[in-house]
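Written out below as structure tokens is the structure these notes cover.
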Amino acid sequence: MEPAEYRALHESQMENNNGTTALNVFMHVAPPVFSVFHTVQLLAVASVTHIPLRFLLEYTLIVVPFVLLVTVLHPLALNITLTLLVLSIISVVHQIRNRLHLTPFVQVPGRSPQFLTCVRGLINLVTAVCILAVDFRCFPRELAKTETFGYGLMDVGVGLYVFSNGIVYRVRPVDEKRLSPARIRSIVVGSTPLLLLGFTRFFLTTEIDYQQHVSEYGVHWNFFVTLAFVKVLGTIVMDLVRDPERVKFVAITLLCCHEMFLHLGLSRYVLSSDTGRSGFVSANREGIVSLPGYLSLFLASVYLGWVVRPSEEIVLAKKFLRRALKLAVIAAVCWKMLYVCEDMFGISRRLANMGYCFWVLAIGASITALCMLFELFVYFVRFEEPKSPDQIVKSDDFCIPYVPLILQSINANGLFFFLLANLLTGLVNIVFQTFLLGTGAALVIVGYYTFMVCVTVAFLYVNNVKLKIW
């Protein structure tokens with residue numbers, strides 16, 4: 001097929017999508033969490049320490065199933081999720097029922113919680129798989145990005161990235177110096193690499209005539225530019241507010257104001273096909289108008305991170321469980337608010353409206369709560385009852401490394417991992433006319449691509465190489 005004709009076909013496949021249901025999207029996000037749970041147990045039982053073998057087992061049990069889930073096994077997503085959930089519950093009950101008497105002694109390290117590594121690694125992995133898989137016919141169109149309103153698996157990518165950055169944000173102590181010109185300059189400089197990546201992406205896609213969909217962010221705007229502005233604005237707001245308890249009220253107020261302005265006519269300006277793209281603002285109206293929504297999402301995620309991240313070096317099991325359950329309650333409230341917003345405002349990634357923010361928070365909080373329960377289970381199963389009070393550990397030196405090597409590697413070089421995934425995705429689309437390939441070829445290409453990005457970051461991690469450009 002001629003390049004121009006194929007480009008038109010590619011863009012038509014990405015347009016006018018109304019999406020699926022919120023439940024169906026979550027049924028594609030949750031299974032990797034359970035896959036990690038069972039993989040970690042298998043590696044522990046088999047005592048696999050050989051790094052190449054461990055990597056291959058993790059790739060086979062975590063990455064490959066997800067690739068199949070978003071392609072050929074898509075119709076069975078609900079059955080797969082329920083089956084994994086039941087198997088996980090049976091496994092937990094079987095292993096923990098005779099160890100509940102250890103509850104007063106079981107402790108979880110407070111510094112650098114591993115469940116956050118797990119959450120961030122999974123978000124990166126899921127996004128990397130989907131950005132290439134969506135370019136093949138075997139990826140269900142209902143999971144692709146929605147045109148205006150609706151639920152799509154590809155819609156949650158940028159939102160979950162903002163969420164994953166928010167939950168690990170370190171709130172500055174109240175006694176530190178207030179916001180100053182030097183601090184603002186430091187914040188802007190720290191976000192410069194993301195802006196440069198955004199400009200580079202725009203320049204390259206324009207030069208090679210790469211297919212792009214301006215209705216996502218705009219003509220010049222893209223994912224990296226949104227992340228850069230959210231990082232700058234979010235850090236400034238956090239420096240001004242400081243208190244995480246107040247941040248949730250700032251997030252709610254900002255989100256309500258954003259929704260109000262959308263209803264006062266801003267949404268019609270953004271979504272109308274009659275609005276031209278002559279000036280910079282109108283050309284990039286999706287990216288600019290959605291910023292308050294993403295900023296609200298970031299601030300809400302900072303609050304959730306403050307809720308779940310222990311301030312102590314050691315956390316008792318009951319206290320850790322209470323935090324996980326509190327997050328689960330917050331997730332339930334977000335799910336309820338999601339359906340309220342769906343009836344009132346609709347769910348729109350292009351606008352980053354109230355419904356979209358509650359949707360991302362519901363998914364992110366649910367995954368984080370599951371990972372917290374997983375971490376608590378690990379410490380219950382591997383804990384040895386002390387013979388005397390003096391033997392109770394008083395430092396976090398007893399940390400049990402349970403996070404899969406692949407997720408640790410991705411988290412250690414998250415930005416590089418995502419950049420490499422984007423570069424290889426572009427390369428595949430330049431070399432192949434992906435929408436014309438069959439299912440078999442698609443699975444081989446996506447499988448090889450995921451293997452290469454995972455093995456690259458694993459090699460860097462094993463050799464203690466951390467690539468950071470700021």
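Source: prediction; values computed, not measured.
- With sequence neighbours excluded, the residues that form a side chain to side chain contact (heavy atoms under 4.5 Å, CB included) with I90 are V86.
- Under the ring-ring contact (aromatic ring centres under 6.0 Å, His included) criterion, F374 pairs with F37, Y402, sequence neighbours left out.
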| said: Set out, in order, the CA-CA distance, both residues' side-chain angles and the distance that settles side-chain hydrogen bond (donor to acceptor under 3.5 Å, both in side chains) for Q95 and S91, then state yes or no. | reply: CA-CA 6 Å; Q95 296 182 63; S91 176; 2.9 Å; yes
| task | Check the pair F416, L460 against side chain to side chain contact (heavy atoms under 4.5 Å, CB included), reporting the backbone distance first and the verdict last. | result | CA-CA 11 Å; F416 173 76; L460 295 175; 3.6 Å; yes
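- N429 places a side-chain N or O within donor-acceptor distance of the main-chain N or O of T425, the cut-off being under 3.5 Å.
- In this structure, W221 has its ring center closer than 6.0 angstrom to the ring center of F229.
- A ring-centre distance under 6.0 Å is found for F223 and F418.
- Side-chain contact between Y169 and S301 is absent, with no heavy atoms from C-beta onward closer than 4.5 Å.
- Although no hydrogens or angles enter the test, the distance criterion places a donor-acceptor pair under 3.5 Å between the side chain of E58 and the main chain of L405.
- Taking L196 as the reference, T192 meet the side chain to side chain contact (heavy atoms under 4.5 Å, CB included) condition, with sequence neighbours excluded.
- Considering only heavy atoms from C-beta on, V156 stays 4.5 Å or farther from V126 through its side chain.
- In this structure, L227 and Y294 have side chains that are not in contact, with every pair of non-hydrogen atoms separated by 4.5 Å or more.
- I347 places a side-chain heavy atom less than 4.5 Å from the side chain of L338.
- When all heavy atoms of D155 and W359 are compared, the closest pair comes out as CB-CZ3, 3.9 Å.
- Qualifying salt bridge (Lys or Arg N to Asp or Glu O under 4.0 Å) partners for R322, counting only residues two or more places apart in sequence or in other chains: none.
- With hydrogens and angles ignored, the 3.5 Å screen pairs a side-chain donor or acceptor of Q408 with a backbone N or O of V403.
- Using modelled atom types, one side-chain atom of Y356 and one backbone atom of G159 make a donor-acceptor pair closer than 3.5 Å.
- Residues T127 and L160 form no side-chain contact, since every pair of their non-hydrogen atoms from C-beta on lies 4.5 Å or further apart.
- Ring centers of Y59 and F451: under 6.0 Å apart, within the cut-off.
- A donor-acceptor pair is defined here as one N or O able to donate and one able to accept, closer than 3.5 Å; no such pair exists between the side chain of Q107 and the backbone of L316.
- Residues T434 and R137 fail the side-chain proximity criterion, which asks for heavy atoms closer than 4.5 Å.
- How far OG1 of T368 is from CZ of R323: 14.5 Å, rounded to the nearest 0.5 Å.
- Atom CG of N463 has more than 12 neighbouring heavy atoms from other residues, nucleotides or ligands inside a 6.0 Å radius.
- Side-chain atoms of N413 come within 3.5 Å of backbone atoms of V465 as a donor-acceptor pair (strictly under, hydrogens ignored).
- Of all non-hydrogen atoms in V428 and L132, the two that sit nearest each other are CG1-CD1, 3.8 Å.
- Side chain of N124 to main chain of R120: a donor-acceptor pair is present (N/O by atom type, distance under 3.5 Å, no hydrogens or angles).
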| What's the verdict on side-chain hydrogen bond (donor to acceptor under 3.5 Å, both in side chains) for Y461 and N411, showing C-alpha distance, side-chain angles and the deciding distance? | CA-CA 9 Å; Y461 179 75; N411 192 64; over 6 Å; no
| said: Could you go through N24 and T21, starting from their C-alpha distance and side-chain angles, then the distance that decides it, and tell me whether this counts as side chain to side chain contact (heavy atoms under 4.5 Å, CB included)? | reply: CA-CA 5 Å; N24 190 28; T21 64; 3.2 Å; yes
| message | Using the rule given for side chain to side chain contact (heavy atoms under 4.5 Å, CB included), can you reason through T39 versus L57, listing the C-alpha separation, both sets of side-chain angles and the distance that settles it, and then say yes or no? | response | CA-CA 8 Å; T39 301; L57 285 173; 5.9 Å; no
| said: Under the criterion salt bridge (Lys or Arg N to Asp or Glu O under 4.0 Å), I'd like the reasoning laid out for E216 against R350: C-alpha separation, chi angles, the key distance, then a yes or no. | reply: CA-CA 6 Å; E216 290 184 21; R350 285 176 67 184; over 6 Å; no
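- Shown here are the side chain to side chain contact (heavy atoms under 4.5 Å, CB included) partners of V307, two or more places apart in sequence or in another chain: Y303, K326.
- Atom CG of L420 is separated from atom CG of L415 by 11.0 Å, given to the nearest 0.5 angstrom.
- In this structure, the side chains of N17 and K145 stay at 4.5 Å or more apart for every pair of heavy atoms.
- Between G166 and F298, the shortest heavy-atom contact is CA-CE1, 3.7 Å.
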Would you tabulate the side-chain donor-acceptor contacts of residues 60-78 under 3.5 Å, counting partners in other chains and residues two or more places apart, or write 'none'?
| residue | atom | partner | partner atom | Å |
| --- | --- | --- | --- | --- |
| T60 | OG1 | L56 | O | 2.7 |
| T71 | OG1 | V67 | O | 2.6 |
| T71 | OG1 | L68 | O | 3.2 |
| H74 | ND1 | H28 | NE2 | 3.0 |
| H74 | NE2 | E142 | OE2 | 3.3 |

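- To the nearest 0.5 Å, atoms CG (L116) and CD1 (I167) are separated by 5.0 Å.
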| Step-by-step side chain to side chain contact (heavy atoms under 4.5 Å, CB included) determination, C371 to V33 | CA-CA 7 Å; C371 290; V33 181; 4.2 Å; yes
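- L85 is not listed as a side-chain neighbour of T81, based on a closest heavy-atom distance of 4.5 Å or more.
- Scanning both residues, A324 and L373, for their nearest heavy atoms gives CB-CD2, 4.0 Å.
- Shortest non-hydrogen contact noted between L361 and C334 is CB-SG, 3.9 Å.
- V247 approaches L299 most closely through the heavy-atom pair CG1-O, 3.2 Å.
- Distance alone, capped at 3.5 Å, is enough to place a donor-acceptor pair between the R141 side chain and the V134 backbone.
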